Amino acid sequence: MQDERKTLDDRNQMTDLERLRHSCAHVMAAAILRLWPEAQFAAGPAVENGFYYDVDLPHRITPEDFPAIEAEMKKEIKANHRFEKIVVTREQAIKDSESGRLGGLSERPGNPSKFKLGNLAEIPAHEPISYYKTGDFIDLCAGPHVMRTGNIGAFKLTTVASAYYQGDEKNPQLQRIYGTAFKTKAQLDAYFQMLEEARRRDHRKLGAEMGLYTIDTEYTGPGLPLWLPKGTAILEELEKLAKETEFLAGYVRAKTPHIAKEKMYLTSGHLPYYAESMFPPMELLEEEEHSRKRDLEAQLEALKQAAPGGNGEPPPGPEGSAAHREYDQKIHTLTEQLRALGTRYYLKAMNCPHHHRIFAAVPRSYRDLPLRLAEYGCCYRYEQSGELFGLMRVRSMNMNDAHIYCTPEQFAQEFNAVNEMYLKYFKIFGIEKYLMRFSTHGREGLGRKYVNEPELWLQTENMVRDVLKNSGINYVEVANEAAFYGPKIDVQVWSVIGREFTLATNQVDFAVPQRFGLVYRDRDNTEKTPLCIHRAPLGTHERFIGFLIEHYAGNFPLWLAPEQVRVLTIGEEAPLVNYAQALVRELRAHLVRAEGDYSNDKINGKIQQAEQAKVHTMLVVGPRDLAANAVSVRVHGRGSLGAQPKAEVVAGILAAIRERRP
RNA sequence: GCCAGUUUAGCUCAGUGGUAGAGCAACGGUUUUGUAAACCGUCGGUCCUCGGUUCGAAUCCGAGAACUGGCUCCA
């Protein structure tokens, strides 16, 4: 069964490859049923790199079972069954689900197709209901499919994972079997070669090999990267680029602490809604408050224990009864008294509230706007342990953050300038494939998921949409995914091996400045609330560098390379070493990250080491170079470029760095 | 957080109940060099942690931690 949320129109647009993969999912289901007839299937769509089918089965399928499943699949394919479409009534479909026939090879009395029943309920009343039959296997499915199982070319099962039925964590967990399929064996092989290349470029692997960062889970903690000197070199180059770019774009810089009082996040509205994603607070108590706190906690505990069941259950009786109200009131009072004790500080999960307080620090006039406040702020988010992923998902992050406070009249120009900054960065880093996901609100979420300002939502969304349309930027619009205070744009990029990253977010905020009481005095001498644009074109250092490592496969351009130049001597005679050392000193005097290798290794060995360390430029100096006041240049990945006059080489290196040549 | 898998030297990995191994790296020495690895030697271990089974555990069992692949979430 395909993903039910897709419309029939979407289905008709399935590509040939998607049809083939979805058909392969049916074949896999039939094969699994031959081995385990009691298996219950949920959904089995084609996905980006293949297909999966969610199955409920007492037997835990492991990769060791794959050969047996694949063997059964090959039989299904060899049998060359026709994909036969059968249109049925909803009543018939329900009947066949109850008999266990759907997603089965035959009727299975006492084992109804429970997930198929659930899927049926999701199909809108007006849509036709169809089965697809291959051999004995019948599945609820809207199609489309390839004509015959024999049309499925080359396939392979890849992994098994767990997934919730219909993606809801309240639903039962199913085993998700992933596979991939292509028209030809050659395409399948190419896909696995691509995966191998992706593994080779994995930023976690390269990050460790190149000594860029380490995650010391025992002493520092999971998700808290330690930047090693070589990674820090990259990080600081990026920061320099951002600071220059922002300076030229009229930004001013700010610097704010890593922590703030609870009041900050109560005002911003992040607490309590965001509390789960924040590190728990640091609580500062005065001497006498400690005993007061223990006392209040004991009272609260006693109150909960005294309740029937002793586990904090409210007293029996109807909701809203006097007993209920009294109990709730007592709990509320004690909780409030506890809250009033001492001061709680939170590690900041975002910089915006701090910047809002900077805006509020002095009276603002319309003449001061737009105010573009930038900061490389370090934020902390308590991401769930299973979500941590190398540098891509961490708990401490350095954000390329800025907030632009402006009037509605200035908005379009400011927002457009932000987008242009994104495009400028994409050019510098050679990012060719990107997509801006413009997320708007959903009317039904107003007042809950989104601040209840229907007109402001429409107004700001129109402004954003106009800017995107007029700028010719590549974007899509998705409803009901906005931030709670305004529409947002997620910037997605694809690395050269096709891995997708959400690099940065760009948000419009028309609500929080109001909560902080931010105002400027306008021409007409009235106070008005500014709009705020949150933007972070380079996202966080962590994720951006993770992306860059994979994008460049660790082969950074000269300006970013942790070790830009290494001077290698042929031999260790004093005149040669002196010449090499003077060259290193000269480069370092121009702030080039240059090192020297004057050891007694063979020159081939030194080159091997420098190449493996991905040093960008290797300058080989031997007796011949010394005599000619030259150096022999070798560039990582490009091989030897021959001997050149020393002064020209140095000037060339400095120019390439200054211009940030790719 | 949930499901599954993994965890042996700094790194990559071998070792299925009986004395813990290899290559690379590191360190010491020999070699004196022209564009991807000269040679010899030395050092290096809480086999993730805790508990259990056993005469005996890297190996079998249980709990925990971290990581990996997914789910949910997200910059």
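All figures in this text were calculated on a predicted structure; none of them were measured in a lab. Numbered from 1 within each chain, the chains take letters A, B, ... in sequence-line order.
- Comparing the C1' positions of B:rU6 and B:rC43 gives an interatomic distance of 30 Å, to the nearest angstrom.
- Taking the centre and axis of the six-membered ring of A:Phe51, the NZ or CZ atom of A:Arg21 falls outside the cone set by 45° and 6.0 Å.
- B:rC40 sits 26 Å from B:rC11 when the P atoms are compared, rounded to a whole Å.
- For B:rC71, its base never sits under 3.5 Å from the side chain of A:Arg176 at any donor and acceptor pair.
- Searching all strands for a Watson-Crick or G-U wobble partner of B:rG10 with both distances below 3.5 Å returns B:rC24.
- Using atom P as the reference point in both B:rG70 and B:rG29, the two lie 49 Å apart (nearest Å).
- No option in A:Phe501, A:Phe544, A:Phe547 other than A:Phe544 meets the ring-ring contact (aromatic ring centres under 6.0 Å, His included) test with A:Phe429.
- In terms of position on RNA chain B, the residue among A:Leu391 and A:Asp202 whose nearest nucleotide sits closer to the 5' end is A:Asp202.
- With rounding to whole Å, A:Ile177 atom CD1 is found 18 Å from B:rG69 atom P.
- Side-chain nitrogen and oxygen atoms of A:Lys488 include at least one within less than 4.0 Å of the OP1 or OP2 phosphate oxygen of B:rA75.
- Within the 4.0 angstrom heavy-atom criterion, only backbone atoms of the sugar-phosphate kind lie near A:Thr502; the bases stay farther away.
- Nucleic acid contact for A:Glu572: base, since at least one base atom lies under 4.0 Å from a heavy atom of the residue.
- No more than 12 heavy atoms of other residues, nucleotides or ligands shown are found within 6.0 angstrom of OH on A:Tyr382.
- Using a 4.0 Å heavy-atom cutoff across all strands shown, A:Glu383 reaches at least one base atom of the nucleic acid.
- For the C1' atoms, the distance linking B:rG21 with B:rG45 amounts to 11 Å, nearest Å.
- Taking every heavy atom of both residues into account, A:Ala580 and A:Tyr598 meet most closely at CB-CE2, 3.7 Å.
- Of the candidates B:rA75, B:rA37, B:rU35, the closest approach to any side-chain atom of A:Ile607 belongs to B:rU35.
- Taking the side chain of A:Arg393 as heavy atoms from C-beta on, and the options B:rU35, B:rC74, B:rG34, the nearest nucleotide is B:rC74.
- For A:Tyr178, whose side chain is taken as the heavy atoms from C-beta onward, the closest listed nucleotide among B:rG1, B:rG70, B:rU35 is B:rG70.
- Just one of A:Arg566, A:Glu611, A:Glu563 meets the side-chain contact (heavy atoms from CB on, under 4.5 Å) condition when paired with A:His636; it is A:Glu611.
- Residue-level contact check: A:Val394 touches the bases, meaning some heavy atom is under 4.0 Å from a base atom.
- Across all strands shown, B:rU53 has no partner, as no Watson-Crick or G-U wobble contact with both distances under 3.5 Å is found.
- Pairing of B:rU32, defined by two Watson-Crick or G-U wobble distances under 3.5 Å, is not identified with any nucleotide.
- Across all strands, A:Leu174 comes closer than 4.0 Å to no nucleic acid atom at all (heavy-atom distances).
- Pair assignment for B:rG69: B:rC3, on the basis of Watson-Crick or G-U wobble contacts that are both within less than 3.5 Å.
- In this structure, the nucleotide among B:rU35, B:rG1, B:rA37 sitting nearest to the side chain of A:Val620 is B:rU35.
- Counting distance only, with no hydrogens placed and no angle test, the side-chain atoms of A:Arg634 and the base atoms of B:rA36 include a donor-acceptor pair under 3.5 Å.
- A donor-acceptor pair under 3.5 Å links the side-chain atoms of A:Thr180 to the main chain of A:Asn49, judged by distance alone.
- At the heavy-atom level, A:Gln612 lies under 4.0 Å from base atoms of the strands shown.
- Comparing B:rA75, B:rG1, B:rG34 by their nearest atom to the side chain of A:Gln384 picks out B:rG1.
- Between B:rU12 and B:rU72, the distance separating the two P atoms is 30 Å to the nearest Å.
- When the C1' atom of B:rA66 is taken as reference, atom CG of A:Leu224 falls 14 Å away, rounded to whole Å.
- For A:Arg624, taking side-chain heavy atoms from C-beta onward, the closest of the listed nucleotides B:rG34, B:rU35, B:rA37 is B:rG34.
- For A:Arg204, the listed nucleotide lying nearest its side chain is B:rU68; candidates were B:rA75, B:rU68, B:rG1.
- If you take atom C1' in B:rG1 and the same atom in B:rG17, they sit 37 Å apart, rounded to whole Å.
- As judged by a 4.0 angstrom heavy-atom cut-off over every strand, A:Phe389 is placed among residues touching the sugar-phosphate backbone only.
- Within 4.0 Å of A:Ala504, counting heavy atoms only, lie sugar-phosphate atoms of the nucleic acid but no base atom.
- Taking the P atom of each, B:rG44 and B:rA9 are spaced 15 Å apart, rounded to whole Å.
- For A:Asn604 and B:rG34, a side-chain-to-base donor-acceptor distance below 3.5 Å is absent, hydrogens and geometry of angles not being considered.
- Judged purely by distance below 3.5 Å, without hydrogens or angles, the side chains of A:Thr617 and A:Gln564 never pair a donor atom with an acceptor atom.
- Using a distance-only test at 3.5 Å, with no hydrogens or angles considered, a donor-acceptor pair links the side chain of A:Thr540 to the main chain of A:Arg543.
- Among the protein residues, A:Gly539 comes within range of no part of the nucleic acid, since none of its heavy atoms lies under 4.0 Å from any strand.
- As judged by a 4.0 angstrom heavy-atom cut-off over every strand, A:Met618 is placed among residues making no nucleic acid contact.
- Of the candidate nucleotides B:rC73, B:rC74, B:rG34, B:rC74 has the atom nearest to the side chain of A:Arg543.
- Across B:rG69, B:rU32, B:rG1, the shortest atom-to-atom separation from the side chain of A:Glu573 is found for B:rU32.
- Summarising the geometry, the separation between CG on A:Asp56 and C1' on B:rC3 is reported as 13 Å, rounded to the nearest angstrom.
- Note: CD1 (A:Ile215) to C1' (B:rU7) measures 17 Å, nearest angstrom.
- Rounded to whole Å, atom P of B:rA75 lies 12 Å from atom CZ of A:Arg437.
- Donor-acceptor pairing under 3.5 Å, judged by distance alone, is absent between the side chain of A:Arg381 and the base of B:rC73.
- Nearer to the 5' terminus of RNA chain B, by closest-nucleotide assignment, is the contact made by A:Lys602 (compared with the other of A:Lys602 and A:His636).
- Side-chain N/O atoms of A:Gln507 and base N/O atoms of B:rA75 include no donor-acceptor pair closer than 3.5 Å.
- Nucleotides B:rA58 and B:rU16 have their P atoms positioned 13 Å apart, rounded to a whole Å.
- Among the atoms of the strands shown, base atoms are found under 4.0 Å from some heavy atom of A:Ser632.
- For the pair A:Glu387 CD and B:rA66 C1', the computed distance is 17 Å after rounding to whole Å.
- The listed nucleotides are B:rA75, B:rG1, B:rA66; the one nearest the side chain of A:Asp490 is B:rA75.
- Separating the CG atom of A:Asp216 from the P atom of B:rA66 is a distance of 13 Å, rounded to the nearest angstrom.
- In this model, a donor atom of one side chain and an acceptor atom of the other lie less than 3.5 Å apart for A:Asn480 and A:Tyr450.
- Ring-centre distance between A:Phe484 and A:His441: not below the 6.0 Å cut-off.
- Rounding to whole angstrom units, OH of residue A:Tyr52 and P of B:rG69 are separated by 19 Å.
- Judged by distance alone, with hydrogens and angles left aside, A:Thr159 brings no side-chain donor or acceptor close enough to the base of B:rG69 to form a pair under 3.5 Å.
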